[in-house]
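Comments concern the structure below.
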Amino acid sequence: MGIAATALPLAGELDSRDAALLGALENGLPLVARPYAAVGALLDMPEAEVLARLARLREVQVIKRWGVVVRHRELGYRANGMVVWDVPDHRVATLGRRLSHFPCVTLCYRRPRRPPDWNYNLFTMIHGRDEAGVRANLGHLVASCRLEGVTHEVLFSERRFKQRGARYLGGYAGTAGRAVVPS
């Protein structure tokens, strides 16, 4: 199996061991005490080499972000409310920083308004085990930040669409043993 060279950003920066490592990472890290050692064991690569290669791939921005994908539904958080706020533009940065520090807020970001139908410019995600819990946390945010007069809505998700990590190799390499690089 081959892949198009355009599928690999900075393909010239990668060798076959980089590609194998990226392929292994597409499946996520194993939940063990030393995940980089476990990935290295799959690839016949010492843990130190895994860490050095990851640092280099981060430095050349093949890996742009390192994060966690939390499958909140499997953890019992089935009520997920995106609270959309119509905040005066001069307050949105300050308010966003403040809201992001509340433990119940798992995402907080600003987006441009899309008038006339969408006047919201600040978004905060609250995950909860049920809608009542999300609404209780929302009430706490409103009271704590004095947002009683700010127009907002809470939109509960009904379906999960995408929750996966990055696909570095254009989706062609799903396991370490099948990772390939363009020739």
Side-chain angles (χ1 to χ4, degrees), residues 1-75 77 80 82-85 87 89 91-114 120-127 157 160-183:
M1 177 185 317
I3 59 173
T6 56
L8 283 173
L10 303 173
E13 305 272 342
L14 303 176
D15 63 22
S16 62
R17 291 175 73 80
D18 289 330
L21 179 57
L22 290 171
L25 292 175
E26 288 184 353
N27 296 322
L29 289 172
L31 295 175
V32 298
R34 297 181 65 192
Y36 303 107
V39 169
L42 289 172
L43 303 172
D44 194 27
M45 190 181 297
E47 181 182 32
E49 182 181 348
V50 169
L51 293 171
R53 286 180 178 273
L54 290 175
R56 190 182 68 76
L57 291 169
R58 176 75 172 97
E59 183 180 307
V60 298
Q61 295 197 353
V62 169
I63 297 174
K64 296 187 186 227
R65 190 171 67 90
W66 203 248
V68 174
V69 175
V70 177
R71 298 182 191 282
H72 50 274
R73 288 180 187 244
E74 285 81 349
L75 296 173
Y77 292 86
N80 308 299
M82 176 61 76
V83 184
V84 293
W85 307 86
V87 178
D89 289 332
R91 290 186 61 201
V92 70
T94 302
L95 185 57
R97 277 192 292 278
R98 183 159 185 213
L99 288 171
S100 71
H101 285 91
F102 283 82
C104 66
V105 174
T106 55
L107 289 172
C108 184
Y109 53 91
R110 181 182 190 177
R111 288 284 186 264
R113 302 170 194 276
R114 301 286 184 218
Y120 303 105
N121 59 344
L122 185 63
F123 299 71
T124 53
M125 175 60 85
I126 302 173
H127 294 289
S157 61
R160 178 172 58 189
F161 288 95
K162 175 185 168 189
Q163 269 194 309
R164 65 172 175 81
R167 296 290 182 244
Y168 297 103
L169 302 174
Y172 289 94
T175 64
R178 292 186 295 145
V180 293
V181 292
S183 55

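If you're wondering where the values come from, they're calculated on a predicted model, not measured in any experiment. Numbering starts at 1 and runs along the sequence shown.
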Pairs where residues 92-103 contributes a residue and the test salt bridge (charged side-chain N to carboxylate O under 4.0 Å, His left out) is met, not counting sequence neighbours: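 Every pair satisfying salt bridge (charged side-chain N to carboxylate O under 4.0 Å, His left out) with a residue in residues 92-103: there are none.
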
Crowding at OH, Tyr77 (>12 non-hydrogen neighbours, <6.0 Å):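 Atom OH in Tyr77 is not packed in, count stays at 12 or less.
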
Closest contact, heavy atoms only, Arg58 versus Ile63: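 Reported closest heavy-atom pair: CD-O, 3.3 Å.
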
Arg91: partners by side-chain hydrogen bond (donor to acceptor under 3.5 Å, both in side chains), with sequence neighbours left out: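 Testing Arg91 for side-chain hydrogen bond (donor to acceptor under 3.5 Å, both in side chains), a comparison that skips the adjacent residues, returns none.
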
Pairing residues for Arg73 by the salt bridge (charged side-chain N to carboxylate O under 4.0 Å, His left out) criterion, not counting sequence neighbours: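 For Arg73, no residue satisfies salt bridge (charged side-chain N to carboxylate O under 4.0 Å, His left out) once neighbours in sequence are set aside.
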
Using atom types as modelled, flag every donor-acceptor pair under 3.5 Å from a side chain in residues 30-47 to any protein atom, sequence neighbours excluded.
| from | atom 1 | to | atom 2 | distance (Å) |
| --- | --- | --- | --- | --- |
| Arg34 | NH2 | Glu47 | OE1 | 2.1 |
| Tyr36 | OH | Trp66 | NE1 | 3.2 |

Pair Asp15-Arg53, side chain to side chain contact (heavy atoms under 4.5 Å, CB included): steps then yes or no: CA-CA 10 Å; Asp15 63 22; Arg53 286 180 178 273; 3.0 Å; yes

Contacts of Tyr120 that satisfy ring pair (Phe, Tyr, Trp, His ring centres under 6.0 Å) - sequence neighbours left out: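 Expected list: Trp118.
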
Close side-chain approach of Val83 to Phe123, heavy-atom, < 4.5 Å: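 No - every pair of side-chain heavy atoms lies 4.5 Å or more apart.
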
Min side-chain heavy-atom separation Leu14-Leu57 under 4.5 Å: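 They are in side-chain contact.
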
Under 3.5 Å, sequence neighbours excluded: what are the donor-acceptor pairs made by side chains of residues 103-110?
| from | atom 1 | to | atom 2 | distance (Å) |
| --- | --- | --- | --- | --- |
| Thr106 | OG1 | Met125 | O | 3.4 |
| Thr106 | OG1 | His127 | NE2 | 3.2 |

Arg71: side-chain contact (heavy atoms from CB on, under 4.5 Å) partners, not counting sequence neighbours: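 Arg71 satisfies side-chain contact (heavy atoms from CB on, under 4.5 Å) with Glu74, Arg160, Gln163 only.
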
Side chain Asn121, main chain Arg111, donor-acceptor under 3.5 Å: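 No, Asn121 side chain to Arg111 backbone: no donor-acceptor pair under 3.5 Å.
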
Distance in Å, Phe102 CZ paired with Ile126 CD1, rounded so as to fall on 0.5 Å steps: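 Phe102 atom CZ to Ile126 atom CD1 measures 10.0 Å (nearest 0.5 Å).
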
